[in-house]
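First the structure, in the form of structure tokens, and then the observations on it.
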Amino acid sequence: MKTIVITGGTDGIGAGLARHYLAQGDTVVAIGRDAAKGAALTRLGAHFIGADLSLVAENQRVVDLLASRFEAIDALILCARYFRSHRHETPEGFEACFALEYLSRFLLSHQLLDRLESAPAPVVLNVSGPGAPKPEIRWEDPGFRRGYSGMEAQFHAGRANDLLGLSFAAEHPDARTRYVLVNPGSVASNFAGEFDPDTAAIVQRMKRTATPVDRIVPHLAALVDAPPAAPVSAFVIDRRVDPRMSGADDRAAVRLHRLTTRLLRP
Ligand SMILES: NC(=O)c1ccc[n+]([C@@H]2O[C@H](COP(=O)([O-])OP(=O)(O)OC[C@H]3O[C@@H](n4cnc5c(N)ncnc54)[C@H](OP(=O)(O)O)[C@@H]3O)[C@@H](O)[C@H]2O)c1
């Protein structure tokens, strides 16, 4: 029996994966904000941790809770996301999309490594957007103080996650934990967020035409159950792609790791 921790495990793709692993008899920890969604999952046998992962302090609390409850974590699946058409800053002063969709994943990936390494075949599945063209990191303004757009903030976080995969492998060269980046394609999930009318219309259209969650889950579960041997790998659904956009990505990954460490310094 495995222990599977899923951020954004209360809805959309994360909840689909939670139901999949519960049906297999695994221990599932779903993390999200919504207590009612959490209660629905606990009725199926999951553990629920209510947390706002856009806050660094909450990520720290989640790490401590997980470390106190579980000796080993077989899989960390990163799915939490929230779209905002208008820029929002967290009480800690970070732009909310960057905080939730990148900083949280950075913190959980690195800080849960010792629990992952205690499992026989550990994996981090970062569900984001590899294999798609994305903008370069905004080195001087990662929090979009200038020129915010909800879509660009999403793509920027996706780019940061690609680089997180590379720097995670570089930072922990002896780790057995495999880092797998996966782009699930267009999936009819909940698409949680606060949308302006134009974006809301796009989202409604996407929800009608996108792949149902339950059809995408087996592809993602296959990556968790049998990750490639490479320390970092990337997929668009089940098609393997290069985790790098260019030969300069390894240097960019080191640079982003340093920048992130600086940003997170109290
Ligand atoms: N759906 C797609 O077409 C698509 C395409 C490419 C990539 N992806 C990636 O797939 C992953 C899953 O996306 P999805 O479409 O399944 O998302 P979704 O249906 O919108 O669900 C988002 C999840 O994130 C949680 N969440 C939101 N804000 C949170 C916060 N501040 N703290 C903690 N949890 C929070 C929500 O939980 P609560 O409601 O309980 O807060 C929910 O469980 C994301 O990483 C996304 O970037 C999706």
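These numbers come from the heavy atoms of this one structure, side chains and all, not from hydrogens, waters or symmetry mates.
Linking Ile, Leu, Val, Met, Phe, Trp and Tyr residues whenever their side-chain heavy atoms come within less than 4.5 Å places L103 and I49 in a single cluster. Both L76 and L65 are assigned to one and the same hydrophobic cluster, defined by single-linkage of ILVMFWY side chains at heavy-atom distances under 4.5 Å. Taken together through direct or relayed side-chain contacts under 4.5 Å among Ile, Leu, Val, Met, Phe, Trp and Tyr, L223 and L116 form parts of separate hydrophobic clusters. The hydrophobic clustering, which links ILVMFWY residues whose side-chain heavy atoms are closer than 4.5 Å, places V29 and L107 together. When hydrophobic clusters are built by joining Ile, Leu, Val, Met, Phe, Trp and Tyr residues whose side-chain heavy atoms come closer than 4.5 Å, directly or via intermediates, L181 is grouped together with V124.
A 4.5 Å side-chain heavy-atom check between K207 and V203 finds at least one atom pair inside the cut-off. Side-chain contact check for L17 versus L220: some heavy-atom pair is nearer than 4.5 Å. Side chains of F235 and V180 form a contact here, defined as non-hydrogen atoms less than 4.5 Å apart. Contact check for H172 versus H110: side-chain heavy atoms found under the 4.5 Å cut-off. L164 places a side-chain heavy atom less than 4.5 Å from the side chain of Y179. With a 4.5 Å cut-off on side-chain heavy atoms, V182 and L125 count as touching. Using a 4.5 Å heavy-atom threshold, the side chains of L113 and T177 count as touching. Side-chain atoms of R105 and N161, non-hydrogen and from C-beta on, do get closer than 4.5 Å to each other.
Between the side chain of S54 and the backbone N or O of A99 there is no donor-acceptor pair closer than 3.5 Å. Between the side chain of T42 and the main chain of G45, no donor-acceptor pair closer than 3.5 Å is present. Side-chain N or O atoms of R176 include one that pairs as donor or acceptor with a backbone N or O of A119 at under 3.5 Å. Side-chain atoms of E95 come within 3.5 Å of backbone N or O of C97 as a donor-acceptor pair. In this structure, N183 contributes its side chain and P130 its backbone to a donor-acceptor pair below 3.5 Å. Judged purely by atom type and a 3.5 angstrom limit, R138 uses its side chain to pair as donor or acceptor with the backbone of D141. Judged by distance alone, with hydrogens and angles left aside, the side-chain atoms of E92 form a donor-acceptor pair with the main-chain N or O of A57 at under 3.5 Å.
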- Passes side-chain contact (heavy atoms from CB on, under 4.5 Å), D250 versus R244? Steps please. CA-CA 8 Å; D250 291 294; R244 293 167 184 81; 2.8 Å; yes
- Task: Check the pair V187 / M206 against side-chain contact (heavy atoms from CB on, under 4.5 Å), numbers first and verdict last.
- Result: CA-CA 8 Å; V187 181; M206 269 173 67; over 6 Å; no
- Could you give me the CA-CA distance, side-chain angles and deciding distance for D26 and L22, then say whether side-chain contact (heavy atoms from CB on, under 4.5 Å) is met? CA-CA 5 Å; D26 291 315; L22 285 168; over 6 Å; no
- Task: Mind running ring pair (Phe, Tyr, Trp, His ring centres under 6.0 Å) on F83 and F195 for me, showing each step along the way?
- Result: CA-CA 7 Å; F83 185 97; F195 304 99; 5.2 Å; yes
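Between atom CG of residue L100 and atom CG of residue L53 there is a gap of 6.5 Å, rounded to the nearest 0.5 Å. Note that the CG atom of L55 and the OG1 atom of T90 stand 5.5 Å from one another [nearest 0.5 Å]. Summarising the geometry, atom CG belonging to L78 is positioned 5.0 Å from atom CG belonging to N126; distances are rounded to the nearest 0.5 Å. If you take OG on S233 and CG on D242, they are separated by 11.0 Å, rounding to the nearest 0.5 Å. Here the CZ-CG distance, from R115 to D74, works out to 13.0 Å after rounding to the nearest 0.5 Å. Within the model, atoms CG of L108 and CD1 of I77 stand 13.0 Å from one another, a figure rounded to the nearest 0.5 Å.
Remark: F94 pairs with no residue by the ring pair (Phe, Tyr, Trp, His ring centres under 6.0 Å) rule, at least two apart or across chains. With sequence neighbours left out, the ring pair (Phe, Tyr, Trp, His ring centres under 6.0 Å) criterion links Y21 to no other residue. Partners of D162 according to the salt bridge (charged side-chain N to carboxylate O under 4.0 Å, His left out) rule, which considers only residues two or more places apart in sequence or in another chain, are K134. With sequence neighbours excluded, the residues forming a side chain to side chain contact (heavy atoms under 4.5 Å, CB included) with A18 are I6, V28, L41, listed by chain and number.
A salt bridge is absent between R61 and D64: the closest approach of a Lys/Arg side-chain nitrogen to an acidic carboxylate oxygen does not fall below 4.0 angstrom. Using a 4.0 Å cut-off between charged nitrogen and carboxylate oxygen, R145 and E89 count as a salt-bridge pair. Checked for salt-bridge contact, E136 and R159 meet the test: a charged N lies under 4.0 Å from a carboxylate O. K37 and D11 are joined by a salt bridge, as a carboxylate oxygen and a charged side-chain nitrogen come within less than 4.0 angstrom of each other.
Residues V213 and S189 approach most closely at CG2-CA, 4.0 Å, considering heavy atoms. Smallest separation of non-hydrogen atoms from A234 and P243: CB-CA, 3.7 Å. Here the closest non-hydrogen pair linking I237 and P184 is CG1-O, 3.6 Å. Summarising the geometry of A192 relative to R81, their closest heavy-atom pair is CB-O, 4.4 Å, with the distance given to 0.1 Å. Minimum interatomic distance between P142 and E140 (heavy atoms only, all atoms of both residues): CD-C, 3.7 Å. The two residues P212 and A188 come nearest to each other via the heavy atoms CA-CB, 4.5 Å.
Grouped by direct or indirect side-chain proximity (heavy atoms under 4.5 Å, Ile/Leu/Val/Met/Phe/Trp/Tyr only), F144 sits with Y148.
No side-chain donor from either of T10 and D34 sits under 3.5 Å from a side-chain acceptor of the other. Looking at E194 and S85, their side chains never bring a donor and an acceptor atom within 3.5 Å of each other. With 3.5 Å as the limit, one finds no donor-acceptor pair spanning the side chains of E101 and Y82.
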Would you tabulate the side-chain donor-acceptor contacts of residues 254-266 under 3.5 Å, counting partners in other chains and residues two or more places apart, or write 'none'?
{"unit_1": "T260", "atom_1": "OG1", "unit_2": "Y102", "atom_2": "OH", "d": "2.7"}
{"unit_1": "T260", "atom_1": "OG1", "unit_2": "L256", "atom_2": "O", "d": "2.6"}
{"unit_1": "T261", "atom_1": "OG1", "unit_2": "H257", "atom_2": "O", "d": "2.7"}

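The aromatic rings of F70 and H47 sit perpendicular, their planes meeting at an angle over 60°, well past the 30° parallel limit.
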